[in-house]
Structure formats: C-alpha cells, structure tokens
Amino acid sequence: MLDTVYLRKKRDVLEEALRKRGYSLDILDELTEIDAKRREVITRANELRAKKNEISKRIGQLRRKGEDASHLMEEAKKYDELLRQLKDEEKEYDRKFWELWAYVPNIPHESVPVGPDESANVVVREWGERREFPFTPKPHWDIAELLGILDWKSASEMSGSRFVTYRGLGARLERALINYFLDTHTKNGYTEIFPPILVKPDALYASGHLPKFHEEMYYINEDDLYLIPTAEASLANLHRGQVIPEDKLPLYYVAYTPCFRREAGSHGRDVRGIIRMHQFNKVELFKYTKPEESYEEHEKMVQDAERILQALGIPYRVVLLSTGDMGFAAAKTYDIEVWAPGLGRWLEASSVSNVEDFQARRANVKLRRKSGKTEYVHMLNGSGLATPRVFIAILENFQQEDGSVVVPEVLRPYVGVEVIRPL
RNA sequence: GGAGAGGUGGCCGAGCGGCCGAAGGCGGCGGCUUGCUAAGCCGUUGAGGGGAGAACAUCCCCUCCGAGGGUUCGAAUCCCUCCCUCUCCGCCA
C-alpha cells in the first residue's frame with residue numbers, strides 16, 4: 001500500500017506510475033471523490049465531537065462540585081443521533097477508500113525500463129557459457145524418465161495434474177538443493193527461518209497478496225487460512241506491528257518452504273515437466289532495511305542468488321523487468337533466468353524485488369531513528385532459489401549422451417554421488 | 001476441545017466511570033556535572049487522522065489503552081462478541 005500523499009499532493013507522480021504500468025487511471029478519480037467526501041464527513045464529525053466533549057467536560061466539573069447538571073445532559077443527548085449517523089458515514093467512506101486504495105500498485109523506481117510487457121525487459125548481464133552439445137539435448141522430462149527420478153503416475157493419482165513425486169536420487173537431489181541453498185545463504189549472514197505454511201488472511205493482506213490474488217492461492221474455508229504461495233508472505237509478517245531500532249537494520253532472513261499456487265489461468269502453459277507446479281520448493285531471501293540502503297541491498301541480494309548458480313555452473317542471465325512486467329507490490333525487480341538447453345529457453349529461477357515501504361505500510365513495520373523519529377522500513381524479497389527450475393537446469397545442462405547426469409561438484413556431498421545414471 | 005489468568009506508550013508496569021494520552025521505571029534525546037564515576041543531576045520523549053498554514057515550522061481539533069459492538073452526557077476503567085498469549089486438563093505427530 002502506498003502513502004496517500006500520492007493521491008493528494010503527488011498526483012502527477014502517481015498518474016505517471018499507473019500509466020507506465022499500463023493501469024487505467026479511472027481508479028484515481030474514484031478515489032479522489034471518495035476521499036473528498038470522506039474528509040468532509042470527518043471534519044463535520046470532529047467538530048460535533050468537540051462540542052459534545054466540551055459539554056461532557058462541564059458536566060463532570062459541575063458533578064464534582066455537587067451541582068445539578070441535568071440541563072447539560074439533556075443538551076448533550078441532542079447530538080447523539082446526528083453523531084451516530086456521521087460515524088456510520090465515516091466508516092463507510094473509510095472502508096471504501098482503503099479497499100480501493102489497496103488496489104493501487106507500487107510506484108516503479110526511476111531506473112526501471114518503461115514498457116507494456118516483458119518485451120521491454122532489459123538483460124543486464126549474462127553469466128556462463130552455454131554448452132555446445134554433440135548430441136541433441138533432451139528436455140528434463142525425458143532425462144528424468146530415463147533416470148527414474150520423477151514419478152508422474154503416483155502423483156497424478158493421489159493429487160492430480162501438476163503434482164509430481166520425486167523418487168530416489170531425484171528426491172535426494174531436491175533435498176540437496178534446499179540444503180545447499182540454505183547453507184550458502186546462512187553462511188552469507190542470513191538468519192534461517194522456518195515459518196508457518198498456513199497463514200491468516202490479514203497476513204497475506206500485509207504482504208500484498210490479498211485482496212488481489214485470492215484466486216491464485218489455496219484457501220481453507222473451514223479454518224479461514226491460506227497455504228502460502230511463497231515464503232515472502234510469511235517473512236513479511238515476521239515483525240508485524242514492530243518498531244525496529246535503526247542500528248538493528250538491515251535484517252537478513254532466509255527460509256525454505258514449500259509453495260502452493262493454484263496456477264489459475266495458466267492452463268495449457270508449461271504443462272510438461274516440472275516447470276509450473278501446484279506445489280514446489282523454494283528458498284526465499286528477505287531483508288528489512290533502512291530506506292536509504294534498500295537499493296544497495298537489492299543489488300547485493302541479486303548477487304547472493306547469482307552466486308549459487310555460479311557455484312553450480314549453470315548459465316544464467318539477469319533481467320531487469322519493465323514497468324509492464326513487474327509485480328503489483330514491487331518498485332523494482334530483477335529476474336534471474338537459467339538456461340535450459342533441452343527446452344531451448346530461459347527459465348525464471350528467481351525474482352528479486354525491492355518493494356520499498358509498500359508492505360511495511362500494511363504490515364506496520366517501522367524503524368526508529370536515533371533522533372526518536374519513526375518511519376517505515378523497506379522490505380526486499382527474492383528467491384534464492386526456486387528448486388524446480390534449478391532442478392531442470394541441472395538435468396538439462398549436465399546431461400550426457402547416455403542420459404546420465406553429472407552432479408555439480410558443490411552438490412556432491414549432499415547428493416552422495418557424482419553421476420546420476422539411468423536405471 | 002475444557003477450566004482459569006491476562007492483553008496498556010520503544011520496553012517494563014500502575015491505573016476509583018469524569019481532573020488519564022494515561023503514574024512510575026527503563027531506554028532514547030538535550031543539557032549540566034565530572035571525586036557518588038562501568039556514575040549522578042535537570043529537562044525532554046507515543047501514534048494515526050482532520051483542519052489552518054508557503055512550510056517536513058507552529059497552532060487548533062478528533063481518534064487510539066488487543067479488535068469490533070454496546071451501556072452512559074462521559075469508558076483504559078462496566079457489559080457482549082471475536083482474536084491472541086500464558087497456566088492447568090484432554091487429545092495428539
């Protein structure tokens with residue numbers, strides 16, 4: 001959620017932001033209208049309350065002196081009905097205003113390329129050599145089949161499509177990735193967190209996933225809980241309602257969690273293999289920083305994620321998302337895409353965003369300056385990394401002609417073998 | 001799930017229905033002191049909103065003591081509902 005000064009005093013900045021993102025400006029007119037009415041009602045109600053408070057105060061004074069105050073009590077009662085009416089109006093306008101305001105996206109940082117969609121994204125850098133294959137590289141599903149590490153049949157029977165069972169060294173490789181990611185990041189100063197996977201609606205509201213993305217998440221009606229679509233949702237709630245002394249910042253967190261996404265509306269896309277699953281594993285990075293440091297920390301976070309891919313030897317590229325491709329809460333986002341030679345395309349393995357104070361405002365997380373003043377912290381999130389895409393990249397990049405896959409050296413202690421061979 | 005206790009400012013902790021935005025302490029900030037010295041003294045220090053205003057200066061007002069309702073001229077204080085925490089019991093990986 002944005003600061004409302006953008007609506008009142010920095011309207012031009014807000015309009016430009018919406019235009020850049022390809023959003024309609026209609027919502028602003030509606031908001032301005034509601035806001036004007038809302039403030040009018042507030043002012044009237046406040047004036048009335050002030051009068052009534054004054055009378056009540058006088059009653060108290062008279063009563064203490066033991067004098068009669070019944071005439072004043074009669075007078076005070078006259079305000080009741082009008083006041084109740086105004087209170088209802090005030091609440092209604094307030095509700096409408098904040099409900100709508102929650103649909104206004106974050107303002108893109110000035111360094112973000114402007115464009116309608118991913119075509120305007122900018123490749124910032126590319127790392128690693130894309131290997132030349134003396135044979136036609138297979139897609140990961142064919143390799144996994146040969147190796148017997150992914151079992152689609154059992155998963156579809158127990159859970160349906162877009163679920164998979166990892167088996168044998170496949171399960172081991174998946175666990176290896178999670179452990180390797182966590183171990184690396186904790187060595188780099190991130191505190192490991194294992195958060196709840198089921199969270200209440202207001203937690204997702206704070207993280208910015210609600211109200212917009214209800215359809216994307218699994219919701220358990222019986223208990224009014226959601227399965228998290230990303231650990232970001234949990235980590236954004238770690239310090240809800242807190243005021244953090246500025247010398248404690250920045251805070252670095254890393255969490256492994258499974259992630260659950262309904263993938264509503266993605267039917268027919270990425271149906272093969274493990275590119276797009278309803279349940280997947282991800283190691284998430286999260287930072288709470290001072291506003292003046294967030295962009296520097298953003299760059300560092302991207303590099304923390306990149307280092308993993310470098311150690312694994314997987315070719316990747318870093319892409320700066322354009323205004324039209326960026327997420328709702330983000331002010332600036334880099335995607336890290338790994339090369340998948342079997343598929344012949346780049347796959348998003350990480351998305352690293354600076355949301356500035358967008359989540360902090362909803363989650364009410366502040367920092368206290370030495371001077372005593374408080375202000376909202378900046379929050380950053382990034383995958384470090386999502387396992388399925390890395391899993392794919394390993395199979396496809398390190399496949400041999402016979403279908404065997406060479407395990408990257410840094411993973412060998414975790415996987416226990418140097419090569420995963422066909423059955 | 002059952003029984004009980006409790007949720008107050010950055011933190012701890014008082015608080016008779018009016019004089020409470022809230023004692024006291026800690027912490028922070030400013031100053032003084034420098035033979036009480038890993039200290040002492042004095043002062044100061046909540047948040048959100050509306051309005052006046054060129055103003056992130058200042059002033060006025062409103063709201064906020066877990067959340068939401070209610071009683072009352074008046075609620076941190078009384079009543080109801082909900083959420084959360086703690087203790088005990090039950091259940092359970």
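Just so it is clear: chains get the letters A, B, ... in the order the sequence lines come, proteins before strands, and each one is counted from 1. As the structure is a computational prediction, the values presented were derived from the model and not from experiment.
- Within the 4.0 angstrom heavy-atom criterion, only backbone atoms of the sugar-phosphate kind lie near Lys366(A); the bases stay farther away.
- Rounded to the nearest Å, the gap between the P atom of rG13(B) and that of rU8(B) is 8 Å.
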ring-ring contact (aromatic ring centres under 6.0 Å, His included) between Tyr253(A) and His239(A), intermediate numbers included: CA-CA 12 Å; Tyr253(A) 293 109; His239(A) 295 286; 5.6 Å; yes

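- Within the structure, the side chain to side chain donor-acceptor pair (under 3.5 Å) test picks out the following pairs touching residues 109-118 of chain A (sequence neighbours left out): His109(A)-Ser111(A), Ser111(A)-Lys332(A), Asp117(A)-Ser119(A).
- Classified by interplanar angle (parallel below 30°, tilted 30° to 60°, perpendicular above 60°), the ring pair Tyr226(A)/His214(A) is perpendicular.
- Taking the ring centroids of Phe260(A) and His278(A), they lie at or beyond the 6.0 Å cut-off.
- Shown for residues 91-99 of chain A: residues whose heavy atoms fall under 4.0 angstrom of RNA chain B, namely Lys91(A).
- Atom P of rG70(B) sits at a distance of 14 Å from the matching atom of rU77(B), rounded to the whole Å.
- Separation of the P atoms belonging to rG9(B) and rA76(B) is 14 Å when rounded to the nearest angstrom.
- Using P as the reference atom, rG18(B) and rC91(B) are 48 Å apart when rounded to the nearest Å.
- Using a 4.0 Å cut-off between charged side-chain N and carboxylate O, Arg11(A) and Glu15(A) make a salt bridge.
- Checking Tyr376(A) against Arg39(A), the closest nucleotide of RNA chain B that is more toward the 5' end is the one next to Tyr376(A).
- Under the 4.0 Å criterion applied to side-chain N and carboxylate O atoms, Lys290(A) and Glu246(A) are assigned as salt-bridge partners.
- Among the atoms of the strands shown, only primed sugar atoms or phosphate atoms (P, OP1, OP2) are found under 4.0 Å from some heavy atom of Arg8(A).
- Backbone-only contact: Lys370(A) has heavy atoms under 4.0 Å from sugar-phosphate atoms and none from a base.
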Which donor-acceptor pairs under 3.5 Å do the side chains of residues 161-169 of chain A make with protein atoms, sequence neighbours left out?
from: Arg162(A); atom 1: NH1; to: Ser266(A); atom 2: OG; distance (Å): 2.8
from: Arg162(A); atom 1: NH2; to: Ser266(A); atom 2: O; distance (Å): 3.2
from: Arg162(A); atom 1: NH2; to: Arg269(A); atom 2: O; distance (Å): 2.7
from: Thr165(A); atom 1: OG1; to: Ser154(A); atom 2: OG; distance (Å): 2.8

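- In this model, no donor atom of one side chain and acceptor atom of the other lie less than 3.5 Å apart for Asp35(A) and Tyr93(A).
- Taking atom C1' on both nucleotides, rA75(B) is separated from rG2(B) by 32 Å, rounded to a whole Å.
- If you check residues 67-79 of chain A against RNA chain B, the residues with a heavy atom closer than 4.0 Å are Met73(A), Ala76(A), Lys77(A), listed by number.
- Within 4.0 Å of Arg63(A), counting heavy atoms only, lies at least one base atom of the nucleic acid.
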Pairing annotation in dot-bracket form, given for RNA chain B with Watson-Crick or G-U pairs under 3.5 Å and | for cross-strand partners: ((((((((.[[[..)..(.....]]]((((((.......))))))(((((((.....))))))).[[[[[..)....]]]]])))))))....

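- Side-chain contact between Lys153(A) and Glu157(A): present, with at least one pair of heavy atoms (C-beta onward) separated by less than 4.5 Å.
- Atom P of rG46(B) sits at a distance of 9 Å from the matching atom of rA22(B), rounded to the whole Å.
- Rounded to whole Å, the separation between the P atoms of rU71(B) and rC80(B) comes to 15 Å.
- Ring geometry for Phe97(A) against Trp101(A) counts as parallel: the plane angle stays under 30°, on a 0 to 90° scale with 60° as the upper cut.
- Between Arg369(A) and Glu292(A) there is a salt bridge, since a side-chain N of the basic residue sits under 4.0 Å from a carboxylate O of the acidic one.
- Taking every nucleotide of RNA chain B with any atom under 4.0 Å from a non-hydrogen atom of chain A, the first and last of them, 5' to 3', are rG10(B) to rC84(B).
- Between Arg84(A) and Arg49(A), the residue anchored nearer the 5' end of RNA chain B, judged by the nucleotide with its closest heavy atom, is Arg49(A).
- For the P atom pair drawn from rC26(B) and rU44(B), the interatomic distance equals 15 Å after rounding to whole Å.
- The pair Glu92(A)-Arg95(A) meets the salt-bridge criterion, with a side-chain N (NZ, NE, NH1 or NH2) lying under 4.0 Å from an Asp/Glu carboxylate O.
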